[in-house]
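These notes concern the structure reproduced below.
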Amino acid sequence: MNYILYPLKEINPSLLPRIAQIHMEDAGLLSRLGYPFVLRYFEMAVKDDRAFGFYAQENETGEIMGFSLASPEPSALTSNLTHDRGWFIRQILKVFFTRPLVFFQMVISSITIQGQMEDDPAAIECVYFTVDPKFRGQKLGRTLQNALMDEGRRRGYKKIFASIETWNEASLKATQANGFTIAKTFREGKYHRHRLESKL
Ligand SMILES: CC(C)(COP(=O)(O)OP(=O)(O)OC[C@H]1O[C@@H](n2cnc3c(N)ncnc32)[C@H](O)[C@@H]1OP(=O)(O)O)[C@@H](O)C(=O)NCCC(=O)NCCS
């Protein structure tokens, strides 16, 4: 696999639907809210001053293979979704009436996430790292996460956190290979997650 990692902020906006499509492979809450939420989330994330990330692009074909995203304030990335109030209310009502369990999970998760950064201004969260299924198992996931760690260090952060569902062995393996250790295990609505951390 020959690829280059580029900063997510420099991505051509026409490629964001591909990022959103890859993200839909993640079994987490954002994907369950649906594609319009996912696309809007990444459209806003690339404009968020404090968030940073990377995407991998295959040299020969130009195909986007995966991406990673970090922020010192992950809850702000979710709040970005509400900036266009009309859009947000329409979308959320759709979720409420068609998938009420997902709606209630979203409420629980947004409350849980708020306390998670432990008011540590020197910490960042590995918010997402996802690889297209056809490129998995070749260490691209850990390379994308490692790029977040290097960039976090460069920006002066001292610690990185990640929350990973207890069943997600591929993510746990990649994250632990990058030096994270499990600090605690907690419940967030229907999700059981490990909270992992690493010094930068
Ligand atoms: C997590 C993810 C990014 C890993 O990407 P990747 O490029 O395959 O990662 P890596 O190759 O760097 O490492 C994955 C490790 O898990 C292992 N692995 C892969 N699938 C596995 C599975 N089903 N069960 C157990 N281990 C698995 C791989 O063998 C590898 O370990 P190794 O290097 O010791 O052999 C990818 O699986 C993914 O996109 N998953 C969906 C999104 C997601 O869950 N993201 C994380 C959210 S917290």
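Start at 1 and go down the list; that is how both ligands and their atoms are numbered. Side-chain atoms are counted along with the backbone in the values below, which use heavy atoms only and exclude waters and symmetry mates. In this text, all values refer to a predicted model and were calculated from it rather than measured experimentally.
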Distances only, to 0.1 Å: what are the N or O pairs between ligand 1 and the protein that fall under 3.5 Å?
residue  : atom   : partner : partner atom : Å
ligand 1 : 7 (O)  : Gly141  : N            : 2.8
ligand 1 : 8 (O)  : Gly137  : N            : 2.7
ligand 1 : 11 (O) : Gln138  : N            : 3.3
ligand 1 : 11 (O) : Lys139  : N            : 2.7
ligand 1 : 12 (O) : Arg142  : N            : 3.0
ligand 1 : 12 (O) : Arg142  : NE           : 3.4
ligand 1 : 33 (O) : Lys139  : NZ           : 2.8
ligand 1 : 33 (O) : Arg142  : NH2          : 2.6
ligand 1 : 39 (O) : Val131  : N            : 2.8
ligand 1 : 39 (O) : Val131  : O            : 3.4
ligand 1 : 39 (O) : Arg136  : NE           : 3.4
ligand 1 : 39 (O) : Arg136  : NH2          : 3.4
ligand 1 : 44 (O) : Asn168  : ND2          : 2.7
ligand 1 : 45 (N) : Phe129  : O            : 2.8

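With sequence neighbours excluded, the residues forming a side-chain contact (heavy atoms from CB on, under 4.5 Å) with Arg187 are His192, listed by chain and number.
Remark: side-chain polar atoms of Gln105 are paired, donor with acceptor, to backbone N or O of Lys190 under 3.5 angstrom.
Side-chain contact check for Phe180 versus Gln145: some heavy-atom pair is nearer than 4.5 Å.
For the pairing with Phe67, the ring pair (Phe, Tyr, Trp, His ring centres under 6.0 Å) check across Phe54, Phe42, Tyr6 returns one residue only, Phe42.
No donor-acceptor contact under 3.5 angstrom links the side chains of Ser71 and Arg50, judged on distance only.
Both tests hold for Arg193 against Tyr191: distance to the six-membered ring centre under 6.0 Å, angle to the ring axis within 45°.
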